[in-house]
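First up is the structure itself, then whatever we jot down about it.
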Amino acid sequence: MKRAALTILAAWLAGAAGGAAAAETPYRAEVFRTAYGAPHVVARDYGSLGYGAGYAAAQDNYCDFGERIMTVRGERARYLGPGEKDANVVSDIYHRGLIQSGRLEKLLAGDVPGGHKPSADARSLARGFMAGFNRYVADVGADKIPDARCRGAAWIRPFDETDYWRTVMAGQQPTLMAGVAGAAPPGVPDLAAPQGPAPRSPVPEGQGSNAFALGREVTKSGRGVLLGNPHYPWDGINRFVRMHFIIPGKLNFVGAGLQNSPSIGIGHNAHVAWTHTVSTARRFGLFELTLDPKDPTAYLFEGQAVPMDRMDVTIQVKTPEGLKPVTRTAYATRFGPVVETPTNPWTKERAFAVRDAPVDLRGLDQYMVMWRARNVRELQGALSRFQAAGFNTTAVDAKGKAFYGDIGPLPFVTDAKAEACAISETARTSWKTMRIPILDGSKAACDWDSDPKAATAGIYPPQALPQIFRDDFTSNSNDSYWLTNPKQPLEGFGRIFGEERTERSLRTRLSLKLIEDRVAGLDGLGAPKFDLKTVQGVLFNNRNLGAELTRDSLVGVCRRAAAGANPELADACAALAGWDLKLDLDSRGAHVFRLFAEKGGLRFKVPFDPKDPVNTPHTLDVDDPRVLKALVDAVAQLRTLNIPMDAPLRAVQTEPRANGERIPIHGGPGPEGIFNVITPVNLVAEKGWTKIRHGSSWIMTVEFTPKGPVSQGVLSYSQSSNPDSPHAADQTRLYSQKGWDDLRFTEAAVRRDAVSKTVLVGR
C-alpha cells in the first residue's frame, strides 16, 4: 500500500513537472556541475533560476530540507511521534500557531500595515525553487530517493511556494520557540520545561564568523580582496551549500547560501564581494505584563484590563494506537506572544510577552538587490532600504573601498528607555548582564520607538546603525562593531547594539594582528600586503594567540611542578615545549593546551586596557592556583583516555564519513585565540575528538583584478548531507589538505569545466 501510494505521488509530480517544449512552459534551466559537485544554474529568468536551484538542492540535501518543510508545517509529531521530552509536540504547537495566525498570507497579499509584500521576481524565484524540488521527486520517485535517511518517508509530498515562505517566517525567533509554545497561565501544566530567553554569549555554542574586507591601501593591486569565513554548524538545516546564479546579461552571482533557501547569502558579483558575521546586537526584547488581579489572562495597559488574545492550536501526534490530537491554548498581547522562561515565569501577578524586530518577508528581495550592486555604497543602500540582515555585513568592491555595517532590524530601545522602563529586578538584571530589554508593558510610553526612515515600525533607522567605509580594511570576528578598524573605533551607540571599550576576544585580537602582520610582510608569506594567495595563507596559518601569549610561562609552571609534587606532568611539559604553537595536522601537543584552556587555565596577569585593546590582557598569571590545577586536570584526563601528550593533531581531531572514514581536521576552538575556528566534540579514549560541531564552513576568498574577480573557496563539510553521496566528503578532504577550488565566475569557465549538465524544462 505504501509503495503504491508513493508511485501515485511520483506520477502526480511527473505530470505537474511537465515535459512540454520551452516555448510553452515558464521554466527552463541548465544545471552544470563542476568539481566537488558545485552547482551552477544558467537560466533566462528568476523563476527558471529557482527551478534549477531547487532541483540541485534536492539532489544534494533532499532529506534535510524536506524535514524542514515537515517542521514548519507543524507535522513532526504527526509523522515522527512526540520526540524526546515532547520536542516534536512543542515544535508543532509553535509552528501550527504561526500558520493559524494567518500573518504569512496577509503579508503575501500586502494586507499588513508596514509589512513588506515580496516582489514579483522574489515570488517567482521562491515558486520556481519549490517546483524544482517537486521535479526532482518526480524524476527519481519518492521511494527511490538516494538518501536512505528519508527514502519512502510518509511525509514526502508536493511542496509549494507557501512552504518556502513558512521557513522564512519560522526562522525569525527560534530561540524562544519552546517558551512560546509552552506558555500557560498559573494552574495549567507547562507543555515543556521553559528555555532561557537567549544565550548569554551573542555567539551561541561556538558559532560565529571571521570577515576581512581589504581595501586599496592594504592590497598589492590596489583593488579589493575579501575573506569570508563563517563558523556554522557542520550538520543540520543551517549548513551552507555552494551555488552560482547566472541570467545571461542580467545577473552573475556566485557563493553559498543556507540549504533551506533559494538565496545566495555570501558571495560576489563582478563588482562587489561580501560576507556575514554573527552580530552582538539584540534583535528582540520582552515586555513585563502586570496582570489583572482577577484574571491572570488579562494585563493592565494604561490603567485598563486588556484580555489576552487566545487561540486553540490542535496538532496530531503519532502513538502506537494511532494519531492522537493534542490541543494547547496560545496567548498573545499587543506586544507579541506570551513567553515563559526559567527567569520569567507566568505567575498570578506577572507574565512576559516577546517581540522580535520583524524581518517578515523582506530578506529575499534584499539579497536580490544586493546581487546586482555595483559598489559597496550601493550595497549599503540595499541593506538600508530593506533592513532585513540578521548579521554584520563586511564587503569590498573592485575599486578597493571596504565597508562594514550592522544594518538590520534592531529594536528601537535607547539606554534611557531600557533603564526607565525596567520595573523589576529581573528586568534590570536582564539589561545589565545580557543587554536584553524587558520593558513595562503597562505603559504606552514604554513601547519601542519608531522612525519614519526605518524599514518598518519599532526599529532603529539605518542611519543610526553602526557602519563604516574605509580605504584600508574593515573586519569582524563576532565582537561588537567597536574595533571594526582600530584606527577609527565606532562609539556612542546604545547597549542594545553591543559593548564598547571592553575586552575583545582572543580571536578578534588575533584577526587584527594577522592584518597588521600581513600589511607589514612579517608573517612569512612574502612581500607585504594582501592578494588572493596571501589571504588564504593567513587563514590557514592556524596560529594560536592564547598559546603565543602564555605557552612559555606555562612550560615553566609545568616543569617546576613536575620536579616537585606533580612528576606525572613531565611528558606534558615536553610536549608543550616542543609544540609549534599552531593547529596544523602535524602539530604536536596542541590538545594538551586545549584541555588546559577549557578547564579555565588561561588567566592573565596584565589586565585589559581600553587604550591598548589589541594587546591586552596578556602574560600568564603563574601565581594563580587555577593555572596549575587546570594543567594537572587536563593531563589527568588525557591519561585516563590513553591519549599521548605528543600526539599530532591529525590523530586526535577528526570528522567521520561513510565506511568508517575519519578525516583529520586542522584548526581549533576560537576561545583559545584561533582564527580558523573548529569546535570539536565527542572526546573518546585513544581517538580524541571524533566529530566537528561548528567551525569554518563556507570559506571564500575573492580578489578583484583588471580582468574581473578571481575567487576560490572550499565548503569544509562538503556539498551533500547524504552519507552515500560522492560529494559528502570530497571537500572535507580538500579542507583537510588546505586546498581550494576555483569558483568559476564566468559562464565560459562553467561550461568549459562542467563534469555534468542537466537541462530542465517544466511548469
Side-chain angles (χ1 to χ4, degrees), residues 46-47 50 68-69 71-75 91-130 158-174 176-177 180-181 183 260-263 283-285 287 306-315 328-339 353-369 385-390 408-409 411-412 447-448 450-452 454-459:
Y46 282 109
R68 176 64 174 162
I69 299 299
T71 297
V72 301
R73 282 176 166 175
E75 296 177 340
S91 174
D92 286 356
I93 291 290
Y94 177 80
H95 289 101
R96 290 302 303 177
L98 291 179
I99 292 172
Q100 287 183 211
S101 74
R103 182 175 177 84
L104 171 59
E105 287 73 16
K106 292 178 182 177
L107 284 166
L108 290 173
D111 292 338
V112 176
H116 174 78
K117 180 180 179 180
S119 68
D121 281 344
R123 296 202 63 175
S124 292
L125 183 64
R127 191 179 301 117
F129 185 74
M130 303 309 283
F159 301 151
D160 58 30
E161 181 198 354
T162 302
D163 290 322
Y164 165 69
W165 294 114
R166 293 205 193 287
T167 70
V168 174
M169 294 291 290
Q172 292 180 17
Q173 202 51 259
L176 296 163
M177 181 178 72
V180 170
N260 59 342
S261 173
S263 178
R283 284 174 160 80
F284 72 97
F287 289 85
V306 180
M308 295 177 183
D309 296 326
R310 304 186 185 202
M311 179 174 63
D312 290 335
V313 179
T314 300
I315 65 168
R328 293 285 295 186
T329 301
Y331 296 85
T333 70
R334 66 186 297 115
F335 305 107
V338 178
V339 63
V354 61
R355 180 180 180 186
D356 68 292
V359 174
D360 289 333
L361 307 181
R362 302 194 302 274
L364 191 53
D365 272 311
Q366 174 182 275
Y367 279 107
M368 293 174 74
V369 173
R385 172 185 170 188
F386 294 98
Q387 288 188 257
F412 199 154
D447 200 352
W448 296 356
S450 287
D451 188 297
T456 191
I459 65 174

Report yes or no: does [X] contribute a side-chain atom to a donor-acceptor pair with the main-chain N or O of [Y] at less than 3.5 Å?
X	Y	answer
Arg103	Leu98	no
Ser450	Gly458	yes
Gln387	Ala455	yes
Asp360	His116	no
Arg96	Arg73	yes

How many angstroms lie between atom [atom1] of [X] and atom [atom2] of [Y], to the nearest 0.5 angstrom?
X	Y	atom1	atom2	value
Ser91	Ile315	OG	CD1	8.5 Å
Met368	Asp121	CE	CG	4.5 Å
Arg127	Trp165	CZ	CH2	9.5 Å
Leu364	Phe129	CG	CZ	10.5 Å
Arg328	Thr314	CZ	OG1	11.5 Å
Ile93	Gln100	CD1	CD	9.0 Å

For [X] versus [Y], what's the shortest heavy-atom pair and its separation?
X	Y	answer
Ala353	Gly336	CB-O, 3.8 Å
Asn260	Tyr164	O-CE1, 3.9 Å
Pro358	Ile459	CD-CG2, 4.4 Å
Glu161	Ala126	CG-CB, 4.2 Å
Pro409	Val359	CG-CG2, 3.7 Å

Side-chain heavy atoms of [X] within contact of [Y], under 4.5 Å:
X	Y	value
Leu104	Leu361	yes
Val72	Asp163	no
Arg123	Leu108	yes
Ile69	Arg166	no
Arg385	Val369	yes
Val112	Lys106	yes
Arg355	Phe284	no
His95	Glu75	no

Q: Evaluate side chain to side chain contact (heavy atoms under 4.5 Å, CB included) for Thr456 paired with Arg362, printing each intermediate quantity in order.
A: CA-CA 10 Å; Thr456 191; Arg362 302 194 302 274; 4.0 Å; yes
Q. Relative to each other, are the rings of Phe335 and Phe287 parallel, tilted or perpendicular (30° and 60° limits)?
A. parallel
